[in-house]
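Structure record follows, encoded as structure tokens.
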Amino acid sequence: MRYLPSALLLASFVAYSRARGLPLSRSRSIDVPDTKDASVLILGGGLAGVIAARTFHEQGINFTIVEARSELGGRLQSFKFGAPGKEYTLENGANWVQGTESDAGTINPIWSLVQAHGVNTQENDWDGSMTTYDATGQVDYLNTFNESFDQFESLAIAAGDRVNRRLVDLSSRTGYSLVGAKSRSAHSLACEYYQLDWETADTPEKSSMIATAAAANFTYDPDFGGFGDDNAMCIDQRGFKTIVQKEAETFLSPSQVLLNATVKEITYSLQGANVTLEDGRVLEADYVLTTFSLGVLQADDVKFTPPFPSWKQEAIQSKSMATYTKIFLQFPTKFWFDTEMGLYADSERGRYPVWQSLDHPNFLPGSGILFVTVTGDFSVRIEGLPDSQVQDEVMGVVRSMFPDITVPEPIAFHFPRWHNNPLFRGSYSNWPPSYREAHQLNLNATVDDRLWFAGEATSTKYFGFLHGAYFSGLEVATAMANCIKGEGCVVPTHIADVVDPPL
Ligand SMILES: Cc1cc2nc3c(=O)[nH]c(=O)nc-3n(C[C@H](O)[C@H](O)[C@H](O)COP(=O)(O)OP(=O)(O)OC[C@H]3O[C@@H](n4cnc5c(N)ncnc54)[C@H](O)[C@@H]3O)c2cc1C
Ligand SMILES: *[C@@H]1O[C@H](CO)[C@@H](O)[C@H](O)[C@H]1NC(C)=O
Ligand SMILES: *[C@@H]1O[C@H](CO)[C@@H](O)[C@H](O)[C@H]1NC(C)=O
Ligand SMILES: *[C@@H]1O[C@H](CO)[C@@H](O)[C@H](O)[C@H]1NC(C)=O
Ligand SMILES: *[C@@H]1O[C@H](CO)[C@@H](O)[C@H](O)[C@H]1NC(C)=O
Ligand SMILES: *[C@@H]1O[C@H](CO)[C@@H](O)[C@H](O)[C@H]1NC(C)=O
Ligand SMILES: *[C@@H]1O[C@H](CO)[C@@H](O)[C@H](O)[C@H]1NC(C)=O
């Protein structure tokens, strides 16, 4: 190990210890010159960017949103799907309000937006409306399904115990083994996938035990400030993006948004920043707030000059950008399960496992639409294949799920390629076992006081969720506004080296 002066070692140790317990809140004050006319560029017009803009608007601060796509919404992306005359608006990206409102009244801000803009959602029963399948057809293994629910609970309790005792993080795979969930049967693994990968979009090996459990608690468990365990699915035919676009209409003027504007380079210093667009335009600003996805920051799609300091690079590369892929199929008529959900256990874990019926009285009855979700490396694999080959694989699974039915070819087929999309590079962030809370602090931290970071991945409690993007946009823009107005400026700072305490 590298030599460290003892004072520094002590400081790092204190920082480390605090990182294992209560959330760190490190900050420092800066002098802000010429505050009144400060201008802010918000890079990215997804949920975090629009909520940041609303915050600046309320605080009377000038801003411009710069967005590469032709509309606001980011990962809220709807599209038209279906054969001619049987078309429906569906969601390539986020689809559910996860946790709506607890009995005690803690409300998910996404649920508030849904209500404010009259967006049509339906409660989706993930636990109690399930039909199970394997390669031989329909097989009832709901007892295993119920057991896996309890096993995730055991994992969460064991994780909470590790937090209380300040023990190091482990992978969810290790955690599962330690609570005795060791079965490797196809049925068990499909049920485990449903509990874990279907949420984290990554395997238990690649997901932190503590963060995975804590994230579920923060969102769903009212004892942890969560919003209750209902999941409301958007079936609004204007698209889920309506929550962002209608909210933007309440305060945003067209002159405050640049659409079709792809950022190529950001040059920053302690004095300000210049943002160069792909078409050559250069925008000058006193402050920049980037809301680009973690995947975009990881992939060098946007050039930062000077390059990020090493603590920032380590934080960016240490979290993972997972991929969650919904594959949509439309058939002339429904021939499948009447429950809301279906689970398929292949001999290969994660091979076309989670099925959902939209042709259901609660969703889009008569639509003939069914979709299946894959995640992680499996998503990356299919993104490299032509649609026709993926369709063949999926249809092979459908035919083994329904051996007694002559299954027709689909009349429409579609899946998005999030991992290879240069504006996203995946679907949402996931917290791997080697990622420390100090890394999270550094991911959020400001560089040179003028470059600030928001977006789903910067949320410690709600990363991966719409409400994580919402809260990050709100919190970071509020902190920036305080700095710009000279009212108790608090800049999120970093830890230079993320270290382990000496043995
Ligand atoms: C498939 C999928 C399913 C999901 N399901 C759910 C769900 O059911 N419930 C839930 O709560 N969350 C879900 N999420 C997560 C949720 O969508 C995100 O957490 C949230 O939308 C992220 O918002 P954001 O503002 O942080 O980032 P983004 O929405 O990614 O906004 C960043 C913006 O930056 C723009 N941009 C990128 N690069 C450039 C550039 N070079 N120049 C200019 N602009 C650029 C992008 O176009 C984008 O609009 C899902 C996500 C995906 C992809
Ligand atoms: C905002 O920008 C306008 C036009 O550039 C300028 O006239 C105004 O003073 C600015 N307001 C603030 C609060 O900076
Ligand atoms: C953005 O580009 C699309 C085509 O890609 C175009 O239809 C739209 O009008 C453009 N919007 C703006 C604001 O330039
Ligand atoms: C599974 O759990 C649900 C809800 O707790 C219960 O209604 C159902 O009977 C259980 N099924 C089996 C097979 O254990
Ligand atoms: C999650 O919640 C359960 C109670 O439902 C609790 O026992 C556990 O400690 C919590 N785990 C974490 C990591 O917060
Ligand atoms: C931005 O560009 C202006 C004009 O060219 C220049 O004076 C300024 O130093 C640049 N700022 C940064 C941070 O590069
Ligand atoms: C950023 O991370 C730190 C450390 O975990 C946390 O205290 C802070 O609240 C985070 N910021 C956001 C917006 O979640």
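- Between Asp286 and Ala38, the shortest heavy-atom distance links the atoms OD2-CA, 3.1 Å.
- Looking only at side-chain heavy atoms (C-beta outward), Phe465 and Glu456 stay at 4.5 Å or farther from each other.
- Across every non-hydrogen atom of Ser172 and Ser208, the tightest pair is OG-O, 3.1 Å.
- Minimum heavy-atom separation, Leu474 to Ile51: N-CG2, 3.8 Å.
- Contact annotation: the side chain of Arg381 never approaches that of Val374 to less than 4.5 Å [non-hydrogen atoms, C-beta and beyond].
- Annotation: the span from Asn92 atom CG to His414 atom NE2 amounts to 3.5 Å, rounded to 0.5 Å.
- Checking side-chain atoms of Asn444 against main-chain N and O of Thr458 turns up a donor-acceptor pair under 3.5 Å.
- Residues Thr290 and Val296 form no side-chain contact, since every pair of their non-hydrogen atoms from C-beta on lies 4.5 Å or further apart.
- Between Ile369 atom CD1 and Asp359 atom CG the span is 8.0 Å, to the nearest 0.5 Å.
- Residue Leu47 holds its CG atom at 6.0 Å from CD1 of Ile243, rounded to the nearest 0.5 Å.
- The side-chain heavy atoms of Ser472 and Phe453, taken from C-beta on, include no pair separated by under 4.5 Å.
- Counted by atom type alone, Asn430 and Ser207 present one or more donor-acceptor pairs between their side chains at under 3.5 Å.
- Screening Phe79, Trp355, Phe413 for a ring pair (Phe, Tyr, Trp, His ring centres under 6.0 Å) with Phe328, the sole residue that qualifies is Phe79.
- For Thr305 and Glu265, the side-chain atoms include at least one donor-acceptor pair closer than 3.5 Å.
- A centroid separation of 6.0 Å or more is found between the aromatic rings of Phe81 and Tyr88.
- Gln330 places a side-chain N or O within 3.5 Å of a backbone atom of Lys86 that can act as its donor or acceptor partner.
- Note that CZ of Arg436 and CG of Asp169 are 8.0 Å apart. Values are rounded to the nearest 0.5 Å.
- At a threshold of 4.5 Å between non-hydrogen side-chain atoms, the residues Val491 and Trp452 count as touching.
- Without hydrogens or angle criteria, Thr242 side chain to Gly239 main chain gives a donor-acceptor distance under 3.5 Å.
- Between the side chain of Thr325 and the backbone N or O of Thr375 there is no donor-acceptor pair closer than 3.5 Å.
- Results of the ring pair (Phe, Tyr, Trp, His ring centres under 6.0 Å) test with His467 over Tyr462, Trp111, Phe218 single out Tyr462 as the only residue that passes.
- At least one side-chain heavy atom of Trp418 sits less than 4.5 Å from a side-chain heavy atom of Arg75.
- The aromatic ring centroids of Phe415 and Phe371 lie 6.0 Å or more from each other.
- Atom CG of Leu252 sits about 10.5 Å away from atom CD of Glu247, to the nearest 0.5 Å.
- Of the possible donor and acceptor atoms, one in the side chain of Gln245 sits under 3.5 Å from a partner among the backbone N and O of Leu72.
- Ring planes of Tyr352 and Phe378: perpendicular class, angle over 60° (limits at 30 and 60°).
- Side-chain atoms of Asp236 come within 3.5 Å of backbone N or O of Asn120 as a donor-acceptor pair.
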- Task: Could you walk me through whether Val354 and Gln356 pass side chain to side chain contact (heavy atoms under 4.5 Å, CB included), step by step?
- Result: CA-CA 7 Å; Val354 179; Gln356 178 154 6; 5.9 Å; no
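- The distance from the CD1 atom of Ile316 to the CZ atom of Phe308 is 4.5 Å, given to the nearest 0.5 Å.
- Between Phe471 and Phe227, the two ring planes are parallel [angle under 30°; tilted spans 30° to 60°].
- Residue Lys264 qualifies as open at atom NZ: its count of foreign heavy atoms under 6.0 Å is 12 or below.
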- Going through the distances and angles, do Glu71 and Arg69 end up as a salt bridge (Lys or Arg N to Asp or Glu O under 4.0 Å)? CA-CA 6 Å; Glu71 62 175 1; Arg69 297 179 66 240; 3.7 Å; yes
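- Applying the ring pair (Phe, Tyr, Trp, His ring centres under 6.0 Å) test between Trp96 and each of Phe240, Tyr220, Trp126 identifies Trp126 as the sole match.
- Other residues, nucleotides and ligands contribute over 12 non-hydrogen atoms within 6.0 Å of the CG atom of Asp279.
- Looking only at side-chain heavy atoms (C-beta outward), Tyr194 and Met341 come within less than 4.5 Å of each other.
- Put simply, the side chain of Lys319 gets close to the backbone of Ala457: a donor and an acceptor are under 3.5 Å apart.
- Checking Met233, Lys241, Gln77, Lys326 one by one against Glu91, the side-chain contact (heavy atoms from CB on, under 4.5 Å) holds for a single residue, Lys326.
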- Message: Run Ile495 and Trp311 through side chain to side chain contact (heavy atoms under 4.5 Å, CB included) and show every step you take.
- Response: CA-CA 7 Å; Ile495 289 173; Trp311 57 266; over 6 Å; no
- Message: Applying salt bridge (Lys or Arg N to Asp or Glu O under 4.0 Å) to Arg417 and Asp387, what does each step give before you reach the verdict?
- Response: CA-CA 11 Å; Arg417 287 177 167 81; Asp387 281 21; 2.9 Å; yes
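- A donor-acceptor pair shorter than 3.5 Å cannot be found between the side chains of Asn362 and Gln122.
- At distances below 3.5 Å, at least one donor-acceptor pair connects side-chain atoms of Tyr268 with backbone N or O atoms of Pro306.
- Here the closest non-hydrogen pair linking Leu277 and Ala261 is CD1-CB, 3.9 Å.
- The two residues Asp125 and Glu340 have their closest heavy-atom pair at N-OE1, 2.7 Å.
- Taking every heavy atom of both residues into account, Ile65 and Ala53 meet most closely at CD1-CB, 3.7 Å.
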- Item | Full working for side chain to side chain contact (heavy atoms under 4.5 Å, CB included) between Asn124 and Phe363 | CA-CA 9 Å; Asn124 185 188; Phe363 303 110; 3.8 Å; yes
- Task: Take Thr64 and Leu258 through the test side chain to side chain contact (heavy atoms under 4.5 Å, CB included) and record every step on the way to the result.
- Result: CA-CA 7 Å; Thr64 305; Leu258 292 178; 4.1 Å; yes
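- Using a distance-only test at 3.5 Å, with no hydrogens or angles considered, no donor-acceptor pair links the side chain of His117 to the main chain of Val119.
- Although no hydrogens or angles enter the test, the distance criterion places a donor-acceptor pair under 3.5 Å between the side chain of Gln256 and the main chain of Ser253.
- At least one side-chain heavy atom of Val288 sits less than 4.5 Å from a side-chain heavy atom of Leu43.
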